[in-house]
Amino acid sequence: MSLLVLASLLSINCKKRGGNTPFFFIFLIYIYNMKKRYGSLINGLWVKHKKTFDVINPFDNSKILEIYDAEETGTLEAIKSSANAFKKWKKTSAEERSNYLKKFYLLVLKNKKSIAKIITRECGKPLRESLVEVEYGASFIEWSANQCLRNCGKIFESPEQTKRMFYIKEPVGVVAAITPWNFPLAMVTRKVCAALAAGCCVVLKPSELTPITALVLGELSIEAKFPKGIFNIVNGEPEVIGNILSKNPTVKKITFTGSTKVGKLLMKNSSKTIKNISLELGGNAPFIVFSDANIDLAIEGLINAKFRNAGQTCISANRIFLNKEIHEDFLIKLKNRLKKMRIGSGLKDCDIGPLISKQALEKVENHIQDALDKGAKIEFGGKLHKPNSLLFKPTILTNIKQNMLVFKNENFSPVVPILIFDNDKEVVEMANNTEYGLASYFFTTNPRRIWSLVGDLEYGMFGVNSGKISTYLNPFGGVKESGIGREGSLQTLEPFLETKFVNWNF
Ligand code: SIN
């Protein structure tokens, strides 16, 4: 009875705030059930700790849930649980591991709608995008389950008759996966499921801004009957937990998606015990439109590459380069397209949700002010959609120079800074003028140009006449200060494997 009363009361309260009543009712029941288990997932059990922290909905600043902070004690317990579980898990057959992952995959898809709503609540993205994220994230589980069956070493034709020479692949051991808030599900499954498929055990530290989705994945891993301890989850202060995970000698591998600043720190910490490390860090993606491009296609490409999650992705188009012959036409069409974009609650039918936090908003405002001070012009938007919110209007800035913050930094916002170029050499130089090298996009109908740009641009991934590059087939990752290693694709298990060579005299 008390559960129903609580749920109805809070759902009325939510309606007053413009929320979605039927969903909120179901969500509350879900969260109420979770109350028993919103601690850390350690050795297959939900463990409570002393301290808690709040998870906040960025759309209306309301508290969604309180989560236990694992602090040092909980994190060390999770590492121990992972190390114990590894003794058995590394000896399971590939088929066994694949079957657990297939079960997990089906459960994630079965709960697609409710998980998508949780993603939207905690990170603000439109529900349509959250549904796509669940499918995208699930595709990594299925892909890992399949690639698990293909893991193999190699036998060489020996140079000596009496010898056999070969190498085998083995799991690296305990893996610490540290994941970001902008894809609370997909970044978890891309790392965790590849690690489990390789035979590793995992301690996951999801972003403290969006831990609920990860906890739901933890719950589904219990339902999929994962052996105890192979998948552990700890939440809390990133500095405290990140420090322990990256310095602890039992942890053999760090896999991290997030900022270049934090990536460098983890790399430094990991060097003390020479950990294997994979980093998917910041980007500063160029988006180039040549005079021979299909402009309508390029506009739609930009909408995809720029406004997914309100511009808050590592592969978001960050600097837009337009050839001087088409820039006026492109600008008119882009403004018309942006007028149609709806800003608001991700749970309603919208195209752009809130930024993740006050700090994110301050960064956008600071970047725009810096650009204006150095001569930029606001062509569209440039301010909040609603006062005292985190809803920022899609924004176009022109007269952009290479010394502006919007050119140098990852903006993580719905801001479109535009530069005009004359020829290929000039645009390649400007596009490469950054320490980042994650994603890049260009639009042209000239095959010769496509081929030479893929060679000349210093990036790890390319969208050619397309603003979409995310798929489990993409070896996701970057060059320069955008990271080390790749995730997904044919080599998805590789970052979690060691190679052992045998020279056998028989
Ligand atoms: C990211 O922003 O870090 C990941 C984006 C993606 O996988 O599409």
Side-chain angles (χ1 to χ4, degrees), residues 116 119 122-126 128-144 177-194 204-207 209-210 213-214 238 254-263 266 278-287 301-318 353 355-357 360 363 409-414 436-441 459-463 466-489 491-492 495:
I119 294 177
E122 58 179 357
C123 95
K125 68 174 71 170
R128 182 173 29 87
E129 287 188 28
S130 298
L131 287 164
V132 172
E133 181 179 346
V134 180
E135 281 170 12
Y136 178 46
S139 76
F140 292 115
I141 311 177
E142 190 185 32
W143 184 247
S144 298
I178 306 177
T179 53
W181 54 264
N182 59 347
F183 290 87
L185 185 131
M187 297 304 100
V188 171
T189 55
R190 188 153 78 188
K191 293 178 191 307
V192 171
C193 296
L204 168 69
K205 158 69 179 81
S207 165
L209 300 177
T210 57
T213 307
I254 295 278
T255 172
F256 169 71
T257 294
S259 70
T260 297
K261 188 173 154 213
V262 174
L266 290 171
S278 299
L279 302 170
E280 196 258 277
L281 307 175
N284 187 359
F287 185 102
L302 183 60
I303 297 298
N304 279 317
K306 177 76 247 183
F307 296 102
R308 185 174 172 229
N309 199 11
Q312 302 172 106
T313 88
C314 303
I315 54 170
S316 294
N318 210 51
L355 296 171
I356 189 68
S357 63
K363 181 176 167 188
N409 294 347
E410 186 173 40
N411 295 310
F412 250 58
S413 70
Y436 298 106
L438 194 60
S440 66
Y441 306 86
Y459 291 86
M461 300 175 283
F462 293 89
S466 170
K468 290 185 184 172
I469 57 169
S470 297
T471 148
Y472 62 89
L473 293 174
N474 178 350
F476 204 100
V479 300
K480 293 159 83 174
E481 292 193 18
S482 285
I484 299 175
R486 296 290 183 270
E487 291 183 330
S489 199
Q491 59 265 57
T492 194

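Values below: all heavy atoms of this structure, side chains included; hydrogens, waters and symmetry mates excluded. For ligands, and for the atoms within them, numbers begin at 1 and follow the listed sequence.
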Answer whether the closest heavy-atom distance between the side chains of [X] and [Y] falls below 4.5 Å.
{"X": "Thr492", "Y": "Trp143", "value": "yes"}
{"X": "Pro180", "Y": "Ser207", "value": "no"}
{"X": "Ile178", "Y": "Thr257", "value": "no"}
{"X": "Arg190", "Y": "Glu280", "value": "yes"}

Whether Lys191 and Glu487 form a salt bridge (side-chain N of Lys/Arg under 4.0 Å from carboxylate O of Asp/Glu) is what I want to check.
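Lys191 and Glu487: salt-bridged.
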Residues with a heavy atom under 4.0 Å from ligand 1, by chain and number, are Tyr136, Asn182, Phe183, Met187, Arg190, Thr257, Glu280, Arg308, Thr313, Cys314, Ile315, Ser470, Phe476
Please work out which of the three classes, parallel, tilted or perpendicular, describes the rings of Phe287 and Tyr441, given edges at 30° and 60°.
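Tilted: the ring planes of Tyr441 and Phe287 meet at 30° to 60°.
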